[in-house]
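Working notes for the structure below.
Per chain, numbering begins at 1; letters A, B, ... match sequence-line order. What you see below is based on every heavy atom in this structure, not just the backbone, and it leaves out hydrogens, waters and symmetry mates.
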Number of protein chains: 2
Amino acid sequence: MIREKRFEHIISSLKNTGAVTYSGMSMDLSVSEDTIRRDIDYLHENGLLSKVRGGAISRDKNPLSFHDRADFHATEKEIIALKVQPLLKSGMTIFMDGGTTVCAVAECLTANASLRVITNNIALVPLLGRFKNLEVIVLGGNYDRNTQTNLGAKTCEEAAEFVVDLYLMGTCAISKDFGITAAVREDGAVKKAMLKGAKSVVVLSNSKKIGINEPFVVCELQRIHVLVTELPSDDSKLDELRFKNLKII
Amino acid sequence: MIREKRFEHIISSLKNTGAVTYSGMSMDLSVSEDTIRRDIDYLHENGLLSKVRGGAISRDKNPLSFHDRADFHATEKEIIALKVQPLLKSGMTIFMDGGTTVCAVAECLTANASLRVITNNIALVPLLGRFKNLEVIVLGGNYDRNTQTNLGAKTCEEAAEFVVDLYLMGTCAISKDFGITAAVREDGAVKKAMLKGAKSVVVLSNSKKIGINEPFVVCELQRIHVLVTELPSDDSKLDELRFKNLKII
DNA sequence: TGCGAATTTGCAAGATTTTGCATTTATTTA
DNA sequence: TAAATAAATGCAAAATCTTGCAAATTCGCA
């Protein structure tokens with residue numbers, strides 16, 4: 001039997017029952033479990049299902065799939081996005097980097113927002129494209145499929161060519177001791193490059209990232225001007241971050 | 001038996017069962033498997049089916065698409081996209097520019113395609129992101145919401161930093177008298193920049209764009225090596241473009 | 001009709017991919 | 001923690017693909 005026919009059977013079984021097992025498919029299709037395992041590996045790699053122990057489940061039922069996770073934090077992100085709006089004044093040029101929180105900001109923009117946005121965030125571009133009065137400049141580089149951003153030396157180099165009024169820095173770890181830190185080295189490098197040309201820095205951070213440290217240092221707390229979280233600004237979790245020059249909203 | 005009669009049988013078997021094998025067709029038609037293999041090669045090149053290991057599967061899994069006029073345009077693009085596949089060899093570095101035809105090529109890529117793709121086409125990036133073995137480099141620039149591409153001086157400048165094996169040039173006007181022409185000046189500029197670094201040039205063009213001239217000259221016909229349209233390669237509409245060094249497929 | 005050129009077909013050797021099994025490594029469960 | 005189960009790995013046999021070639025067939029043309 002042709003491999004693609006097996007794929008078809010696996011996918012359609014998955015649609016009917018929501019889950020398949022190696023042993024079940026092996027019997028259905030009269031091939032070894034190893035072959036089914038390899039088929040499911042392949043389908044998993046291509047995002048057509050989610051591999052789990054013993055077999056596979058359909059992607060939308062996987063509790064850890066990207067969409068569900070995105071939904072989970074949706075309200076938090078929306079709160080942050082709404083808090084950011086008053087900071088965006090007409091005519092500003094701003095940096096926006098990676099992360100779904102930054103995308104949430106784009107989705108909350110008012111229809112007549114008039115800004116020049118410079119970004120390495122590919123997911124953000126089509127969102128911004130809907131607004132007639134936005135000028136969008138994309139920073140090139142090596143596309144990273146995990147973060148959906150452009151990264152690498154080229155991106156940093158290009159970012160260095162701008163001076164902007166505001167830098168909206170996407171979700172990142174923030175703590176009193178080590179300041180802002182990034183989980184991905186190259187992401188950290190882009191953040192550093194954007195910082196250099198930013199007159200004002202706004203950090204968007206989920207409260208879960210507060211007090212957390214990642215391996216790659218981005219900057220000290222002193223460098224940032226505004227911190228936006230989904231918490232009320234007087235929440236005690238934020239106490240450790242209160243400094244004279246850091247505005248928390 | 002006449003070759004076209006075999007084609008007929010292969011296509012109709014495919015419609016009934018969704019898949020055919022070399023051995024099955026070989027027995028049905030009393031010819032060697034090699035002959036069937038060559039038949040299926042031919043049908044694959046012309047976009048009538050998808051070749052897979054052991055045989056072929058039907059291109060469209062849903063039966064409604066055949067007579068659907070609304071989908072007619074999409075099918076043309078798919079035919080072009082399928083014809084392009086054999087030109088993409090593992091390990092190549094290629095330019096891909098704007099246009100939905102180029103996106104169709106991305107959607108028809110085999111799952112294990114191993115390429116380095118350099119593009120200014122934002123719509124293309126998420127499509128390419130699905131493939132594990134693709135390296136994607138994005139050219140920055142001013143985002144144009146109409147074409148969903150990055151354009152402008154910066155884009156051209158960045159394109160000039162590469163030498164690629166192949167340039168897949170998206171839909172554009174092509175005529176005997178004026179060669180390749182573009183409707184948007186900045187798009188034409190990017191095309192020119194990409195041409196400079198391309199060892200081989202493949203133009204994807206809808207037959208409606210043949211014999212048409214747009215305001216902005218991109219290059220002469222002599223500069224391109226392969227022209228891909230949705231028409232059979234011996235169609236008379238293509239006659240005016242036949243030159244010694246231009247391969248039409 | 002007959003001849004040479006071009007195309008089609010089948011075959012075979014060698015390269016590549018897929019498959020199932022045995023073995024090792026990792027994870028779960030009792 | 002040990003036993004049970006699942007997953008990953010390496011390997012060899014089988015299946016499939018590619019390539020080149022020669023025989024057979026078709027085609028163009030005189």
Side-chain angles (χ1 to χ4, degrees), chain A residues 1-11 13-14 17-57 59 62-64, chain B residues 1-11 13-14 17-46 48-58 82-83 85-92 109-115 131-133 232-234 242 244 247-249:
Chain A
M1 172 182 274
I2 288 181
R3 197 168 68 131
E4 279 71 13
K5 272 279 163 191
R6 293 201 309 264
F7 292 169
E8 223 169 271
H9 183 261
I10 292 170
I11 297 285
S13 301
L14 212 48
T17 65
V20 298
T21 60
Y22 293 130
S23 59
M25 289 299 102
S26 167
M27 285 189 288
D28 281 12
L29 298 166
S30 310
V31 291
S32 74
E33 290 193 23
D34 292 272
T35 298
I36 300 295
R37 193 184 306 284
R38 280 183 272 237
D39 287 350
I40 284 180
D41 277 358
Y42 178 89
L43 294 169
H44 175 81
E45 299 247 317
N46 288 91
L48 284 95
L49 47 70
S50 286
K51 197 166 65 156
V52 296
R53 195 178 173 82
I57 59 177
R59 219 158 94 93
N62 181 349
L64 291 176
Chain B
M1 173 184 274
I2 291 178
R3 199 165 70 129
E4 275 66 21
K5 275 280 167 194
R6 293 202 308 267
F7 290 170
E8 225 168 84
H9 183 261
I10 292 170
I11 297 287
S13 301
L14 212 49
T17 64
V20 298
T21 60
Y22 294 129
S23 59
M25 289 299 102
S26 166
M27 284 189 288
D28 281 12
L29 298 166
S30 310
V31 290
S32 73
E33 290 194 22
D34 293 272
T35 299
I36 301 295
R37 192 183 305 283
R38 278 182 273 239
D39 288 349
I40 284 180
D41 277 357
Y42 179 87
L43 294 169
H44 173 83
E45 300 257 318
N46 285 281
L48 292 154
L49 46 71
S50 282
K51 195 168 66 157
V52 297
R53 192 181 172 84
I57 58 175
S58 75
L82 281 171
K83 287 187 186 180
Q85 302 306 316
L87 304 175
L88 307 176
K89 310 266 193 274
S90 188
M92 273 187 169
L109 282 179
T110 57
N112 54 1
S114 175
L115 300 165
F131 298 93
K132 287 284 178 320
N133 297 322
S233 61
D234 56 0
R242 294 187 203 285
K244 195 174 149 201
K247 189 175 165 194
I248 300 181
I249 61 175

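In terms of phosphate contacts, R53(B) brings no side-chain nitrogen or oxygen within less than 4.0 Å of OP1 or OP2 of dC17(D).
Here dA8(D) presents its C1' atom at 21 Å from OH of Y42(A), a figure rounded to the nearest Å. Atoms CG (D41(B)) and P (dT19(D)) sit 10 Å apart, rounded to a whole Å. Protein atom CD of E33(B) is 14 Å distant from nucleotide atom P of dA12(C), rounded to whole Å. Distance CD1 (I40(B)) to C1' (dT16(D)): 13 Å, rounded to an integer number of Å. A straight line from OH of Y22(B) to C1' of dG10(C) spans 16 Å, rounded to a whole angstrom. Put simply, CG on L29(B) is 15 Å from C1' on dT8(C), counting in whole angstrom units. We find that CG of D39(B) is positioned 7 Å from P of dT9(C), with the value rounded to whole Å. Nucleotide dA15(D) holds its P atom 17 Å from the CE atom of M1(A), rounded to whole Å.
Under the 4.0 Å criterion applied to side-chain N and carboxylate O atoms, D39(A) and R3(A) are not assigned as salt-bridge partners.
If you check distances only, the side chain of R38(B) does reach the base of dG10(C) with a donor-acceptor pair under 3.5 Å.
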**OP:** Step by step, work out the side chain to side chain contact (heavy atoms under 4.5 Å, CB included) result for T35(B) and L29(B).
**Re:** CA-CA 10 Å; T35(B) 299; L29(B) 298 166; over 6 Å; no

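Comparing V31(A) and R6(B), the nucleotide of DNA chain C nearest to each residue sits closer to the 5' end for R6(B).
Between the side chains of S23(A) and S26(A), not a single donor N or O lies within less than 3.5 Å of an accepting N or O.
Taking the side chain of R3(B) as heavy atoms from C-beta on, and the options dA12(C), dT27(C), dT8(C), the nearest nucleotide is dT8(C). Counting only heavy atoms from C-beta on, D34(B) has its side chain closest to dT19(D) among dT9(C), dT19(D), dT9(D).
In this structure, Y22(B) and I40(B) approach most closely via the heavy-atom pair CE2-CD1, 3.7 Å.
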